[in-house]
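Let me begin by presenting the structure, written as structure tokens, before commenting on it.
Sequence lines set the chain letters: A, B, ... in the order given, protein chains first and strands last, and positions in each chain run from 1. Here the structure is a predicted model, which means the values were calculated and not measured. Values below: all heavy atoms of this structure, side chains included; hydrogens, waters and symmetry mates excluded.
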Amino acid sequence: MSENNFAYEVDVTVTVNGERVSRRVDARRHLVDFLRLDVGLTGTHTGCEHGVCGACTVQVNGDVVRGCLMLAAQADGAEIWTIEGLSDNGSLGALQKAFVERNALQCGFCTPGMLITAADLLARENQPSREEIREHISGNYCRCTGYEAIVDAVEMAAGTRSGASQAGGDSE
Amino acid sequence: MTIDLNQVDRPNSYIGKTVPRPNARKLVEGRGQYVDDVHLPRTVHVAYLRSPYAHARIKGINTDAAMAIPGVLRVFTGHDLKEVCTPWVATLDHLKGMKSAPQHALAVERAMWVGEPVAAVVAESRAVAEDGAAVLEVDFEPLPVVADMETALDPDTPVLHEELGDNLTFTRTHEAGDVADAFASAAHVVEETFHTGRHTGVCLEPRSILADYNRSENQLTVYSATQAPHMIQSSFAKHLDLPEGKVRVICGDVGGSYGIKVHIYPDEMATAAISRIMGRPVKFIADRLESFTSDIHARDHRVTARMAVDSNGKITALEIDDLTGIGPYSVYPRTSAVEGNQVVNLCGGPYDLANYKATTKVVMQNKAPMCQYRAVGHPIACAVTEGMVDLAAEALDLDPVELRRRNLVPDDAYPYTAASGMKFEGLSHHASLDKLLETMGYDELRREQGDLRGKGVYRGIGIASFIELTNPSPFMYGIGGARISAQDGATVRMDPDGSLVVLSGVTEQGQGTEGMLAQVVAESVGVRIDTVKVITGDTQTTPYGGGTWASRGAGIGGAAAFRAGRALRDNILQVAAAMLQSTPDELDIIDGAVKDRTTGEERMPLAELGRIVYFRGDTLPKDLDREMVATRHYITSDYPFAFTNGIQASLVEVDVETGFVKLLKHWCVEDCGRVINPQLVDEQIRGGIVQGLGGALFEECVYSEEGQLENANMADYLVPMASEMPDMVIGHVETPTQESELGAKGAGEAGTAGAPGAVMNAINDAIRPFGGRVTRMPFTPERILAALGKVPDPDSR
Ligand code: FES
Ligand code: FES
């Protein structure tokens, strides 16, 4: 509730995409709203705000985190990377290229979260099987693609998918 | 001059090729701009209080506590908004006898479903607006609830809208041939009842709108996540008493739509009405919980079917009795009678059938409104028809493929008019079936199935043929009086540097519409695709059109763009001929340069032509037309709809101890006419299949008898996730429509149309040794175990 505002506001200082950001925010503000509304980074999306869909996925201190399940206040002092920063520094480059080539996105709403989740898998497992990929991204909802193109694209980025079938998927 | 699109080695060819979408890069970098990403100065945010009752009288609303919260600016009730926003009644004249009741932006006297918006709180932020909504005191008097569609027409069931006389919105019976006689003389008659569960679209981006009414210009600008900007423009203008020309709808990136975002929603209309009152931008972004209760639902049907076959395995008659409950109001402006009507139009569609009778009854009830969702009516008609075909095969002891072979409309029978009255220009059921069987290795899979059964592993193979209605003409909505354009237009412009700008009335929600348009225009003019910029989704700048729905983007929007591109090309060649002392016939445009048609020698880059036209027009003959812009429109006219066809197969394994279904693989061969971009088409099919699988296996809006939606969140309403979905093999047969030079029909809904029927048949094939059968979607483990006789039937409790 907003009466007695002072008691419900907190100072937050974080590093976002390598830049230091300090803001005074509502104590109840979750990390995605903080990033979108206070920092202006709209590449992180919300699809459910209760931790189910994965659209809000960001990196916090190197871990993949659902931004809707974390308060901005809890992130005080943390190092945060969003799709914008990870695009600028090139760390998602191979995955992004594969997603575009394989059309592993349609509306693109799930895509930032999907890419960050997939990058997390490739960081620890450089030759994942299709099953491992499916398992790893199974907390990220995509209504458009049916997932197969995403699995293909992650395989392409990992270099485990053959060139011949890359563009079209398993098609006649 | 025309392009022969059947010729493979065309210069400068993009049509028929996999080309990456030009707008994909920004989306993978998080640089899309969805409605919630748009920030305007002075924006306020609105949250809606929604009815917690399925049916209740609104006796009073006390706003004091809400208004006392710092940051809350205004509270609006139904009575307030009624002053600036007229109610709507969603009927279509050509759906004879259809009726519905006036619906307001906010409920005025009564709330009619759980989730109906009742009051609006406007505040400095969404969070504070929600705080305000939480303390609004609404005095509801609960009224009797009509939940069950089966009893909605019973004499002792309350009538929801007294003035309508009963709860029947629409009914239609279609009969062709002599059905009674065919059943009387049949060798076998099979009968079954099917239920398709009520489910919804669950777009990852919830419905979103930012309405900005500027009093000084009497202009309403609406940023809307929609599939049909011009329809929104027209509807908002009409009900907010503005000239259409004073309403501009801008549609940027849209986070999924699938038919969910093609309707007029009361909360969105209310948002625009509030902006009209407050004279400043008002933003409404639905949250996930309210999406479940306020997005349209679909597919809640009970269908009883009978099929007659003769001793040769020829289907002689089909009889369909469909019942559907659509909530308390028909949805504006497309109406909620269309899905039931489609069931009547589409059942039996792939088969050569002389005797057909179908009835739909569309009734009202106190649940969320139902309306058109991806593949409208198709998944129902297909599952029912294909379920019946499998039953008939079983009765005749024939392989299900063999029965289909004997009954699918022959590939040389076109043009063909079905017993339903639907007209087919050219379909390829048999070629598609052959290709499917070969691709999947049908015989081998059957052998493997038999071997595994001996080892206690129960696999099933399900086949489903289907037809899909695409490229609708005005026969869909326009003739019924709805201001929904069946025509679409494109403007193609060449700028001084030789680059092209395309403005199109069809929209992009991820299908690849803009990529498709870029391909079509690049080839039809003769330039490199990276010099084409596509603009969609702005009623003020694009040609008037219908938008993207009913799989019309490529077939109609693409056809218009093709024509516009050819017209611009003619204009350019006219100018080039004057400059080069040649004739248009001797010249060609390839890769962005004017070339000699016979030698291929480059005569002039388009950038040079552009420089002269735009900056040195003085050097051209005075009377030379130098229009570097062309606009063309396209509408279908020979056929009311361009039907496509296809066939799907599902391979599943059923764990007969737990009832769990494992989707092992899925195949689809479909014929959408000319394929403009194979990759985009395949991905439309794949995404569509998975949506169909969701409805078949997981998704259901579960209502209590009191009309409460019991699983309105993403944890309880199950959607398909990556780990449980199969890989899908997609193939094509191409029968281009002769109606357009492009020859493209739609592909967006084929996957969803056929998948539920295929998976149902596969499950029933797997459990056939046990004698049970499932026909009620979603096919949950509990329902499968009940079919196996292992647990009590959850639906007869
Ligand atoms: S928005 Fe965070 S998981 Fe859905
Ligand atoms: S691309 Fe639309 S939700 Fe994944």
Side-chain angles (χ1 to χ4, degrees), chain A residues 1-3 5 26 28-29 33 36-37 41-50 52-53 55 82-84 87 92 95-96 99-103 105-112 115 130-131 133-135 137-151 167-172, chain B residues 18 20-21 24-25 27-34 36-37 69-71 127-128 131 201-206 253-258 287-288 435 439 509-512 669 678-680 682-683 686-691 713-715 719-725 727-732 751:
Chain A
M1 213 82 8
S2 326
E3 64 256 34
N5 263 333
D26 271 3
R28 65 178 174 180
R29 177 151 280 186
D33 276 357
R36 291 179 54 86
L37 302 173
L41 294 167
T42 55
T44 307
H45 302 142
T46 55
C48 71
E49 293 179 278
H50 53 268
V52 187
C53 75
T82 69
I83 187 69
E84 290 90 344
S87 300
L92 294 176
L95 274 166
Q96 286 169 324
F99 267 56
V100 171
E101 230 170 84
R102 182 59 191 84
N103 197 42
L105 67 148
Q106 289 183 25
C107 76
F109 205 75
C110 70
T111 311
L115 284 164
R130 287 182 82 74
E131 291 64 40
I133 297 169
R134 283 190 180 275
E135 200 53 50
I137 61 168
S138 70
N140 288 67
Y141 172 57
C142 174
R143 186 56 139 183
C144 297
T145 63
Y147 304 106
E148 185 171 335
I150 296 174
V151 178
D170 201 356
S171 175
E172 283 300 291
Chain B
T18 287
R21 291 156 55 198
R25 186 91 226 162
L27 298 177
V28 299
E29 295 196 3
R31 302 296 295 268
Q33 193 174 52
Y34 304 89
D36 199 19
D37 304 337
I69 294 176
V128 173
D131 292 342
V202 201
C203 307
L204 190 52
E205 175 206 36
D253 292 309
V254 178
S257 50
Y258 333 107
D287 72 19
R288 181 55 56 193
K435 186 158 188 175
T439 310
Q509 302 98 36
Q511 302 90 333
V669 173
Q679 184 188 57
L680 293 181
D682 286 1
E683 294 317 316
R686 287 198 174 92
I689 288 172
V690 167
Q691 259 176 357
N713 64 75
M714 279 190 74
V719 288
M721 300 305 276
S723 55
E724 58 225 356
M725 286 300 112
D727 280 341
M728 295 159 269
V729 182
I730 315 298
H732 301 280

**OP:** Apply side chain to side chain contact (heavy atoms under 4.5 Å, CB included) to the pair B:E29 and A:E84, showing each step before the final yes or no.
**Re:** CA-CA 6 Å; B:E29 295 196 3; A:E84 290 90 344; over 6 Å; no
**OP:** Under the side chain to side chain contact (heavy atoms under 4.5 Å, CB included) rule, what do B:Q511 and A:Q106 come out as? Steps first, then yes or no, please.
**Re:** CA-CA 6 Å; B:Q511 302 90 333; A:Q106 289 183 25; 5.6 Å; no
**OP:** Apply the test side chain to side chain contact (heavy atoms under 4.5 Å, CB included) to residues A:Y141 and B:V202: give CA-CA distance (whole Å), side-chain angles for both, the deciding distance (0.1 Å), then the verdict.
**Re:** CA-CA 10 Å; A:Y141 172 57; B:V202 201; 3.4 Å; yes
Original post:
Step by step, would you call A:R134 with B:M721 a side chain to side chain contact (heavy atoms under 4.5 Å, CB included)?
Top reply: CA-CA 9 Å; A:R134 283 190 180 275; B:M721 300 305 276; over 6 Å; no
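Ranked by heavy-atom pairs under 4.5 Å with chain A, the list B:G71, B:A127, B:G512 is led by B:A127. Ranking B:P720, B:G688, B:G32, B:P20 against chain A, the residue ahead of the rest is B:P720, based on heavy-atom pairs under 4.5 Å.
Residues A:L115 and B:V28 come closest through the heavy atom pair CD1-O, 3.3 Å. Considering all non-hydrogen atoms of both residues, B:G30 and A:P112 come closest at CA-CG, 4.2 Å. Taking every heavy atom of both residues into account, A:S138 and B:S723 meet most closely at CB-OG, 3.5 Å. B:D287 approaches A:E49 most closely through the heavy-atom pair CB-OE1, 4.3 Å. Nearest heavy atom pair, residue A:R36 against residue B:D36, reads NH2-O, 3.2 Å. Minimum interatomic distance between B:Y258 and A:C144 (heavy atoms only, all atoms of both residues): OH-SG, 2.9 Å.
Residue contact with chain A, scored on non-hydrogen atoms closer than 4.5 Å, involves the backbone and the side chain of B:L204 alike. Neither the backbone nor the side chain of B:D253 comes within contact range of chain A; no heavy atoms are under 4.5 Å apart. Contacts of B:V690 with chain A are made by side-chain atoms alone, with heavy-atom separations under 4.5 Å and no backbone atom involved. Only the side chain of A:T111 comes within less than 4.5 Å of a heavy atom in chain B; its backbone stays farther off. With a threshold of 4.5 angstrom between heavy atoms, B:Q509 approaches chain A through N, CA, C or O but not through any side-chain atom. Proximity to chain B is limited to the side chain of A:L37, based on heavy atoms less than 4.5 angstrom apart. Of the atoms belonging to A:N140, it is backbone heavy atoms, and not side-chain ones, that fall under 4.5 Å from chain B. Using a 4.5 Å cut-off between heavy atoms, B:P206 contacts chain A through its side chain alone, with no backbone atom that close. Heavy-atom distances place the side chain of A:Y147, and not its backbone, under 4.5 Å from chain B.
A distance of 14.0 Å separates CZ of B:R21 from CD of A:E101, quoted to the nearest 0.5 Å.
The closest side-chain heavy-atom distance from B:R288 to A:T46 is not below 4.5 Å. Taking the side chain as every heavy atom from C-beta outward, B:M714 and A:H50 approach each other to under 4.5 Å. Put simply, the side chain of A:R143 reaches to within 4.5 Å of the side chain of B:Q691, judged on heavy atoms. Side chains of A:T145 and B:R686 form no contact here, defined as non-hydrogen atoms less than 4.5 Å apart.
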